[in-house]
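Just so it is clear, the values below take in all heavy atoms, side chains as well, and ignore hydrogens, waters and symmetry mates. Remember, it's 1-based here, ligands and their atoms both numbered in the order they're listed. This is a predicted model, so every value here is computed, not measured. Here, residue 1 is the first one in the sequence, and each next residue gets the next number.
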Amino acid sequence: MSMSKFDEILNRIYICSLPDSEDLERVLSSQDAEELESLFNFADAVRKKFCGDGIFLRGIIEFSNFCAKECFYCGLNKNNHKLNRYRMTDEELLKSVEYLVYSNIKTIVLQSGEEPAGDALWLADIIRRIKSNSDLAVTLCVGERSLDDYKLWREAGADRYLLKIETTDEALYSSMHPKMKLARRLDCLDILRQLGYQVGSGNMIGLPGQSLKSIARDIIFFKQGNFDMIGIGPFIPHQDTPFSGQPGGQAALTLKALALTRIVTRNAHLPATTALGSLGQDYRRQGLKCGANVLMPNFTPQPYRKLYQIYPGKKCIDEPVGVCNFCMDGMAGDIGRFIDYSKGDSLKFGKVNLNV
Ligand code: SAM
């Protein structure tokens with residue numbers, strides 16, 4: 001049977017060294033059920049070939065919701081005075097780490113709002129204590145910081161860093177990030193890579209003013225950046241932000257972007273993001289079936305979990321710590337996959353330099 005035009009486009013996107021923006025836009029704009037089935041099956045086959053059937057777990061602890069930034073989409077932005085702010089104590093944080101280890105998870109993600117002057121030495125000490133008491137891979141997600149801070153944390157034992165670019169469209173980026181520069185974010189990603197971190201980035205889908213061309217450029221950027229991890233989630237409007245009342249990102253477009261990112265990056269770790277699971281319906285299963293190979297169970301204890309309100313309707317916000325494993329095992333089993341309880345280091349051969 002001869003290949004359809006759409007399959008030809010998918011194949012071209014897969015084999016070329018840098019995908020063509022028009023090809024990506026054509027796929028992103030498709031509303032045709034048969035075409036979308038081809039796309040998702042293609043992405044699933046690429047995932048199987050380059051990543052296998054295992055789903056890696058990253059246990060996330062949101063240790064502080066203080067933030068000095070003013071991102072228009074985020075509920076943590078410093079101008080949201082309705083939000084009660086918290087910072088977990090060392091004891092609370094390390095207790096949560098124990099739960100995570102007890103749950104057999106091998107990667108911890110320490111996330112917080114962005115505080116450029118936040119206590120770097122404190123975080124270095126926490127990293128050291130985690131590394132000396134466990135065999136966890138430590139991922140940080142605390143935003144833009146100085147070279148010295150990134151270096152300090154790397155030397156303390158941090159293995160990975162997540163810094164989403166949110167959008168590669170400079171004008172769009174500036175329109176929603178007061179006093180921030182896209183170039184600075186790009187510099188941070190370079191520095192993190194030079195320091196030997198496994199580096200993750202990502203974007204949001206459905207940001208106000210975002211075009212398909214802009215999403216296509218993000219996907220090209222993900223390919224060029226050869227990232228170890230890429231998080232793609234829908235924008236979900238928060239009532240206490242400047243983007244209150246804006247339409248949110250659609251699951252369908254998010255899944256298309258995720259599938260294309262799998263096809264172009266081949267073996268990057270791609271989570272079925274919590275935001276994808278928080279759209280009324282839980283779309284993480286679909287995400288896992290069109291390219292994703294990672295889930296991120298939440299280990300932030302109550303009452304803090306409820307206060308880490310980056311967007312409303314966040315998945316599992318009322319649940320106690322420790323119930324995630326059953327759910328994740330169930331989700332994997334439902335789709336004929338399994339949870340891989342290993343660390344799940346980067347699959348980008350030869351890029352991992354742990355001896356800084
Ligand atoms: N501030 C740190 C940073 O920028 O890397 C980490 C914390 S930030 C809250 C984590 C991620 O939340 C962001 O990268 C962004 O993609 C996501 N996020 C924030 N607000 C969101 C919203 N309204 N809808 C969906 N995702 C959102």
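- Only the side chain of E166 comes within 4.0 Å of ligand 1, judged by heavy-atom distances.
- Side-chain atoms of D228 and H269 include no donor-acceptor pair closer than 3.5 Å.
- Residue Q239 places its CD atom among more than 12 non-hydrogen atoms of other residues, nucleotides or ligands, all under 6.0 Å distant.
- Side-chain atoms of R58 do not come within 3.5 Å of backbone N or O of L295 as any donor-acceptor pair.
- Of the possible polar contacts, none joining the E144 side chain to the C188 backbone as a donor-acceptor pair under 3.5 Å is found.
- Taking the centre and axis of the six-membered ring of Y14, the NZ or CZ atom of R262 falls outside the cone set by 45° and 6.0 Å.
- Donor-acceptor pairing under 3.5 Å is lacking for the side chains of D32 and S30.
- At a heavy-atom cutoff of 4.0 Å, ligand 1 is contacted by the side chain of Y308 but not by its backbone.
- Considering backbone and side-chain atoms alike, A275 places every N or O at 3.5 Å or more from each N or O of ligand 1.
- When K164, M204, R185, E62 are checked for heavy-atom proximity to atom 4 (O) of ligand 1, R185 turns out nearest.
- Using cut-offs of 30° and 60° for the angle between ring planes, the F227 and F221 rings count as tilted.
- The aromatic ring centroids of F72 and H238 lie 6.0 Å or more from each other.
- Taking the charged nitrogens against the carboxylate oxygens, D44 and K48 have no contact shorter than 4.0 Å, which rules out a salt bridge.
- Counting only heavy atoms of the protein, atom 22 (C) of ligand 1 lies nearest to I236 O, 3.6 Å.
- Each of I108, D345, L140 was checked for a side-chain contact (heavy atoms from CB on, under 4.5 Å) with R160, and the lone residue meeting it is D345.
- Looking at P237 against ligand 1, nothing comes within 4.0 Å, counting heavy atoms.
- At a heavy-atom distance under 4.0 Å, no atom of C67 approaches ligand 1.
- The ligand atoms of ligand 1 that sit less than 4.0 angstrom from a heavy atom of Y73 are 19 (C), 20 (N), 21 (C), 22 (C), 23 (N).
- Which parts of ligand 1 touch P234 is read off a 4.0 Å heavy-atom cut-off, strictly below it: atoms 24 (N), 25 (C).
- Taking a distance limit of 4.0 Å, we find that atom 27 (C) of ligand 1 is approached by some protein heavy atom.
- Within the listing of ligand 1, atoms 1 (N), 2 (C), 6 (C), 7 (C) sit less than 4.0 angstrom from a heavy atom of S112.
- At under 3.5 Å, not a single nitrogen or oxygen of Q111, backbone or side chain, sits near a nitrogen or oxygen of ligand 1.
- The single protein non-hydrogen atom nearest to atom 1 (N) of ligand 1 is E114 OE1, 3.3 Å, given as residue, atom name and distance.
- At the top of the distance list for atom 9 (C) of ligand 1, counting protein heavy atoms only, stands I310 CG2, 3.2 Å.
- The shortest heavy-atom distance from C141 to ligand 1 is under 4.0 Å.
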